[in-house]
Amino acid sequence: MTIVVGHLATPEGQEALRTAVSESRERTAPLVVVTSGKRPLDECQAELDELRNGPAAGLDVRLEEGTGDLAEDLIRAATSTGAELIVIGLRKRSPVGKLILGAGAQRILVEAPCPVLAVKV
């Protein structure tokens with residue numbers, strides 16, 4: 001069983017990553033960090049190395065390159081690893097925006113093969 005999280009350089013992406021590290025440590029589960037596919041892999045790898053030497057020290061953390069469709073990539077990674085949890089970050093929305101969760105988040109919640117933990121920034 002693993003914890004799956006998307007790697008985004010946004011406040012909500014960073015909060016999701018912090019929460020995923022915490023969940024991975026608490027559950028003693030490997031952590032799979034899926035890139036968005038929009039940033040160079042070596043840049044993401046450098047950040048992952050910092051994570052391994054910092055908050056995620058001692059954890060089994062691996063990087064999986066995304067295709068650019070983060071919802072699809074997270075669902076695929078969760079399915080292929082038998083994940084016990086997907087962690088996503090959500091941002092605060094306006095009253096009108098609250099009517100629509102966001103296509104990617106909604107898709108993950110509906111299609112995920114495991115529970116999804118949504119953390120709000």
Side-chain angles (χ1 to χ4, degrees):
M1 296 294 213
T2 60
I3 308 295
V4 174
V5 64
H7 183 273
L8 298 172
T10 61
E12 54 271 19
Q14 295 304 313
E15 186 60 32
L17 185 58
R18 278 190 290 276
T19 301
V21 167
S22 176
E23 289 292 326
S24 177
R25 187 169 305 287
E26 190 172 306
R27 298 168 187 246
T28 60
L31 178 63
V32 175
V33 180
V34 180
T35 69
S36 68
K38 297 178 182 177
R39 296 173 59 208
L41 190 58
D42 59 339
E43 186 179 305
C44 294
Q45 185 63 53
E47 289 178 13
L48 185 65
D49 290 341
E50 282 182 38
L51 185 68
R52 283 184 180 134
N53 294 323
L59 294 177
D60 178 6
V61 181
R62 79 176 159 91
L63 188 66
E64 189 168 305
E65 188 171 12
T67 64
D69 182 346
L70 192 56
E72 179 66 32
D73 295 337
L74 290 173
I75 293 164
R76 185 188 71 251
T79 301
S80 69
T81 63
E84 64 182 277
L85 184 70
I86 297 173
V87 181
I88 62 172
L90 300 175
R91 68 178 182 274
K92 220 174 179 181
R93 295 189 177 270
S94 68
V96 173
K98 289 178 184 176
L99 295 173
I100 304 168
L101 178 61
Q106 186 173 1
R107 187 165 161 216
I108 293 165
L109 289 169
V110 171
E111 297 180 22
C114 60
V116 177
L117 174 60
V119 293
K120 186 175 82 170
V121 176

Item to check | Sidechain N-carboxylate O distance under 4.0 Å for Lys120, Glu15 | outcome: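 The answer is no: the pair does not qualify as a salt bridge.
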Checklist entry - Step by step, would you call His7 with Leu51 a side-chain contact (heavy atoms from CB on, under 4.5 Å)? => result CA-CA 12 Å; His7 183 273; Leu51 185 68; over 6 Å; no
Non-hydrogen atoms of [X] and [Y] that approach each other most closely:
| X | Y | value |
| --- | --- | --- |
| Leu48 | Arg62 | CD2-C, 4.2 Å |
| Ile86 | Ala78 | CD1-CB, 3.6 Å |
| Ala105 | Ile88 | CB-CD1, 4.1 Å |
| Asp73 | Gly66 | OD2-CA, 3.1 Å |
| Glu12 | Val121 | CA-CG2, 3.2 Å |
| Glu50 | Pro55 | O-CD, 4.4 Å |

Checklist entry - Would a hydrophobic clustering, with Ile, Leu, Val, Met, Phe, Trp and Tyr connected at side-chain separations under 4.5 Å, put Leu63 with Ile75? => result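 Unlinked, Leu63 and Ile75 end up in two clusters.
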Output the distance between atom [atom1] ([X]) and atom [atom2] ([Y]), rounded to the nearest 0.5 Å.
| X | Y | atom1 | atom2 | result |
| --- | --- | --- | --- | --- |
| Glu65 | Gln45 | CD | CD | 10.5 Å |
| Arg27 | Leu85 | CZ | CG | 5.0 Å |
| Ile3 | Leu59 | CD1 | CG | 10.5 Å |
| Gln14 | Thr19 | CD | OG1 | 11.0 Å |
| Leu17 | Thr10 | CG | OG1 | 10.5 Å |

Item to check | Sub-4.5 Å side-chain heavy-atom contact between Arg107 and Asp69 | outcome: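 In short, these two side chains touch, coming nearer than 4.5 Å.
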Item to check | Side-chain heavy atoms of Glu23 within contact of Leu117, under 4.5 Å | outcome: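 A side-chain contact exists here, since the closest heavy-atom pair is under 4.5 Å.
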Checklist entry - Ser36: what forms a side chain to side chain donor-acceptor pair (under 3.5 Å) with it, not counting sequence neighbours? => result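 Ser36 satisfies side chain to side chain donor-acceptor pair (under 3.5 Å) with no residue once adjacent residues are dropped.
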Item to check | Backbone N/O of Val33 and side chain of Glu64: donor-acceptor pair under 3.5 Å | outcome: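 No, because the side chain of Glu64 does not come within donor-acceptor range (under 3.5 Å) of the backbone of Val33.
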